[in-house]
Amino acid sequence: MAFTAGIRTINRLATDQLVTSSIVPVDITGFSFALPVARSLMWRVRAVFTLGATGGFRFLAHNTSAPTEYNFECTVRDLTTPATLTGTSAGALAEAAFANASAVASNYQLEASGLVTANLATTFSFQFAQNTSDVLSITMQAGATMELIQF
């Protein structure tokens with residue numbers, strides 16, 4: 001069985017990035033990539049983020065055009081009470097935000113992964129926002145990483 005070589009890239013968020021008073025997902029700085037037609041991208045994000053007490057969280061694996069293949073899985077853990085699994089997405093097959101109205105001011109661990117195959121040339125990005133708009137921000141902490149394999 002032959003294997004196809006892929007291009008592997010690892011990007012890291014250099015400084016904290018925050019969203020205040022918005023439920024509209026924004027790109028995480030450096031986590032946005034051009035994907036040519038009929039090419040695939042396997043990706044994985046690992047990060048720690050901080051919530052204000054009522055904002056909740058929203059994550060999205062976004063494409064600027066409808067893909068032919070899409071998968072998105074996400075797990076979030078409350079680091080104040082590590083046994084608490086705040087939420088999981090069991091593998092979305094169409095683009096949709098993974099969101100939770102968590103109301104605990106805490107640090108959370110995010111692990112997300114997926115696969116996307118471009119139908120047309122597209123820009124793929126990993127995005128975040130609050131789940132409920134308020135003045136307490138959600139902050140993606142510096143050191144978040146996105147690992148990509150394009151083939």
Side-chain angles (χ1 to χ4, degrees), residues 1-52 55-79 82 84-102 106-133 137-151:
M1 174 187 228
F3 291 94
T4 302
I7 301 168
R8 183 172 183 218
T9 306
I10 300 174
N11 288 24
R12 182 178 177 275
L13 183 62
T15 59
D16 289 355
Q17 182 177 345
L18 63 94
V19 173
T20 304
S21 301
S22 180
I23 61 170
V24 178
V26 297
D27 293 351
I28 296 175
T29 303
F31 289 12
S32 179
F33 305 91
L35 187 59
V37 63
R39 299 299 300 261
S40 295
L41 185 68
M42 288 177 40
W43 59 271
R44 177 173 31 197
V45 171
R46 292 184 175 150
V48 172
F49 66 95
T50 304
L51 282 184
F57 57 81
R58 178 182 304 242
F59 296 102
L60 180 65
H62 177 66
N63 300 274
T64 55
S65 65
T68 56
E69 185 176 15
Y70 179 92
N71 180 275
F72 172 32
E73 297 180 43
C74 192
T75 302
V76 173
R77 289 181 181 82
D78 179 341
L79 294 179
T84 304
L85 187 64
T86 302
T88 60
S89 169
L93 298 177
E95 185 172 308
F98 169 64
N100 188 296
S102 180
S106 180
N107 287 334
Y108 293 81
Q109 177 185 14
L110 165 70
E111 292 184 33
S113 62
L115 170 71
V116 62
T117 301
N119 181 35
L120 302 169
T122 189
T123 299
F124 172 83
S125 60
F126 194 76
Q127 303 177 330
F128 78 118
Q130 292 180 326
N131 191 45
T132 305
S133 183
S137 63
I138 177 173
T139 303
M140 185 64 57
Q141 294 183 8
T145 60
M146 182 173 216
E147 180 180 357
L148 304 155
I149 300 173
Q150 182 180 327
F151 54 97

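For the pair Leu18 and Ser137, the tightest heavy-atom approach, listed with the atom from each and the gap, is CD1-CB, 4.1 Å. Heavy-atom minimum distance, Thr29 versus Leu13: O-CD1, 3.7 Å. When all heavy atoms of Ala47 and Ala144 are compared, the pair lying nearest together is CB-CB, 3.5 Å. Looking at every heavy atom in both residues, Ser65 comes nearest to Ala121 through OG-O, 3.7 Å. The minimum heavy-atom distance between Asp78 and Ser106, with the atom names listed, is OD1-OG, 3.1 Å. Pairing each heavy atom of Pro25 with each of Gln127, the nearest pair is CB-OE1, 3.4 Å.
For the pair Thr117 (side chain) and Ser40 (backbone), a donor-acceptor distance under 3.5 Å is absent. Between the side chain of Ser22 and the backbone N or O of Val24 there is at least one donor-acceptor pair closer than 3.5 Å. Without hydrogens or angle criteria, Glu69 side chain to Leu115 main chain gives no donor-acceptor distance under 3.5 Å. Not a single donor-acceptor pair under 3.5 Å links the side chain of Gln150 to the backbone N or O of Leu41. Put simply, the side chain of Gln17 gets close to the backbone of Asp27: a donor and an acceptor are under 3.5 Å apart.
In this structure, Asn131 and Asn100 have side chains that are not in contact, with every pair of non-hydrogen atoms separated by 4.5 Å or more. Between Phe151 and Ile149 the shortest side-chain heavy-atom distance falls below 4.5 Å. Here the side chains of Glu111 and Arg77 are in contact, with some heavy-atom distance below 4.5 Å. Looking only at side-chain heavy atoms (C-beta outward), Ser32 and Thr123 come within less than 4.5 Å of each other. No side-chain heavy atom of Asn11 sits under 4.5 Å from any side-chain heavy atom of Phe126. Leu110 is not listed as a side-chain neighbour of Phe57, based on a closest heavy-atom distance of 4.5 Å or more. Met146 is not listed as a side-chain neighbour of Ile28, based on a closest heavy-atom distance of 4.5 Å or more. Under the 4.5 Å side-chain criterion, counting only non-hydrogen atoms from C-beta, Trp43 is not in contact with Phe33.
In the model, Thr139 has no side-chain atom that pairs as donor or acceptor with a side-chain atom of Asp16 under 3.5 Å. There is no side-chain donor-acceptor pair under 3.5 Å between Ser133 and Ser21.
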* Might you work through the side chain to side chain contact (heavy atoms under 4.5 Å, CB included) test for Phe59 and Val45, ending with a clear yes or no? => CA-CA 11 Å; Phe59 296 102; Val45 171; over 6 Å; no
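Distance check, rounded to the nearest 0.5 Å: OG1 of Thr20 to CD of Gln130 gives 6.5 Å. How far CG of Leu79 is from OH of Tyr108: 9.0 Å, rounded to the nearest 0.5 Å. Taken to the nearest 0.5 Å, the OH atom of Tyr70 stands 15.0 Å off from the CG atom of Asn119. Between the CG atom of Leu35 and the OG1 atom of Thr64 there is a distance of 9.0 Å, given to the nearest 0.5 Å. Atom CE of residue Met42 and atom CZ of residue Arg8 lie 10.0 Å apart, to the nearest 0.5 angstrom.
A ring-centre distance under 6.0 Å is not found for Phe128 and Phe49.
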